[in-house]
There are 2 protein chains.
Amino acid sequence: MTSKKRQQLVDTAIELFYAHGFHGVGIDRIAEAAHVSKKTMYHHFRSKEELILAALKHRDSLFRNNFMKAVEAAADTPRERLLAVFDVAQAWFSDNKFYGCMFINAVGEYAEPDTAIRAACKNFKRQMLAYIEELAQDAGLERPKQVAAALSILLEGSTVTAQVSENPDCARIARHAAEVLVEQALPGPRDRPPSLSPDSPV
Amino acid sequence: MTSKKRQQLVDTAIELFYAHGFHGVGIDRIAEAAHVSKKTMYHHFRSKEELILAALKHRDSLFRNNFMKAVEAAADTPRERLLAVFDVAQAWFSDNKFYGCMFINAVGEYAEPDTAIRAACKNFKRQMLAYIEELAQDAGLERPKQVAAALSILLEGSTVTAQVSENPDCARIARHAAEVLVEQALPGPRDRPPSLSPDSPV
DNA sequence: GACATTCTATACAGATCGGTTTACATTTGC
DNA sequence: GCAAATGTAAACCGATCTGTATAGAATGTC
């Protein structure tokens, strides 16, 4: 059973690191905000890096869980879900506590390769890509991996564009682009009209 | 005339900030690496933030200049240039000193809105988008602004994907997606075959 | 050669960094 | 009631942070 104090620390660490960066937030600040003494904090995490790793790991599972649930709630058919990814993203971008992707931000601060922090970030991205590949497969697309890779790039791009340009609506642009790519990857006759046709049998 | 020492400081600041983050590099380290004393450094820049701003500004003009030159050298026709953007990006990603987009990294560390640093980053992205819009316009596409926004998102997405996943080849995926989007935005009959046709008159 | 200027190296100030330790309060088990 | 255990706040450590000030070397000018 994970301790309650430990969870408070991880939750607070996620919030502060996400909003102010990893180098920008000190241990003291996290301990104080979490109402935990530094001593007990160092009882649960032997270093700042371990706290960062715990925060990233928890953020990973929490974020992907919420993301998948939101996608599944937003659409029923596999193909609609593939596009609903961008609706969910738009809602995320519109949160007033949206500061981009925490893992991209982490890599921006910790660029050295072959470190535990980078590995956690790479792993998050790999799992997000795997989820999109699964959706693309279920949607019965041709070359699902390639299409999923393109949709993943659109998702990353809209995330950083929303972050830097403070414009959540770029998710709509990404969705339109995704529609074209998905349409073009549908099996069957190639020269169909560009409008979305009703579900074809898979 | 900009002083030589000043330029050394800016160049060194760009290199170190880009590789290790803004909070991760101190004033002393930059002054030492630039072979400039702290005193003369504070003669040219009254604070670290001013040095950061000068570094971002110089990086902005340098990067966009090199990028545009590389695109123009890589292709002759407007439509080919629109796609050559991703070839240039791929070469950039393959540099062993590639650490993602410096401006995205900056926003990840300085999230507070309405600051000079954020304004510099937003401005860079705005100018990059304007350049892509210009290419889209010259290529004679329908809805050039919307296509340019999508291509910009693809560019941002491939940049962060190359950064986090250490895979420069995602530029190729982005290029393929861009080809589909450009093809779909060409004026004239809609149901042409998916292969790229030779230049149509604009 | 004398002098003002400009650079340097370096020490310093005060704050904060990550991390440890100390002293005390609170809870717990018996 | 009492001791062991666990929590706390807070001082403390050395290092580093941004920013300033000092002392001396190099430079240029007359």
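All heavy atoms count here, side chains included; hydrogens, waters and symmetry mates do not. Naming: A, B, ... by sequence-line order, numbering from 1 per chain. This structure is a prediction, so every number in the text was calculated from the model and none was measured.
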Excluding sequence neighbours, so at least two apart, what forms side-chain contact (heavy atoms from CB on, under 4.5 Å) with A:Ala111?
B:Tyr99
Between A:Tyr42 (OH) and D:dC13 (C1'), how many Å, whole number?
13 Å
Closest-nucleotide 5' rank along DNA chain C - winner of A:Gly24 and A:Arg46
A:Gly24
How close do A:Ser158 and A:Ala174 get, counting heavy atoms only, and between which atoms?
CB-CB, 4.0 Å
Between B:Arg118 and B:Asp114, is there a side-chain N and carboxylate O pair less than 4.0 Å apart?
no
note: B:Leu51, atom CG; D:dT18, atom P; distance rounded to Å ~ 10 Å
Of B:Phe63, B:Phe86, B:Phe67, the residue whose pairing with B:Trp92 passes ring pair (Phe, Tyr, Trp, His ring centres under 6.0 Å):
B:Phe63
Please report the distance, rounded to the nearest Å, between CD1 in B:Ile27 and P in D:dT20.
11 Å
How close do B:Ala33 and B:Thr12 get, counting heavy atoms only, and between which atoms?
CB-CG2, 3.6 Å
Whole angstroms only, please: what is the CG-P distance between A:Asp28 and D:dC13?
16 Å
Under 3.5 Å, which N/O atoms of the protein pair with N/O atoms of nucleotides 5-9 of chain D?
from, atom 1, to, atom 2, distance (Å)
D:dT8, OP1, A:Lys5, NZ, 3.0
D:dT8, OP2, A:Ser37, OG, 3.4
D:dT8, OP2, A:Thr40, OG1, 2.8

What is the distance from CD1 of B:Ile52 to C1' of D:dT18, rounded to the nearest Å?
11 Å
Rounded to whole angstrom units, what separation is found between the CG atom of B:Leu9 and the P atom of D:dT18?
14 Å
Here the distance between atom C1' of D:dC17 and atom CD1 of B:Ile30, to the nearest Å, is 12 Å
Do other residues, nucleotides or ligands put more than 12 heavy atoms under 6.0 Å from A:Gln127 CD?
yes
Mark yes when over 12 heavy atoms from residues, nucleotides or ligands other than B:Arg29 sit less than 6.0 Å from its CZ; otherwise mark no.
yes
Under 3.5 Å, is there a donor on one side chain and an acceptor on the other for A:Asn105 and A:Glu109?
no
Closest non-hydrogen contact found for B:Arg64 with B:Phe124 is CG-CE1, 3.7 Å
Anything under 4.0 Å to a heavy atom of chain B counts; send over the first and last such nucleotide of DNA chain C, read 5' to 3'.
C:dC7 to C:dT8
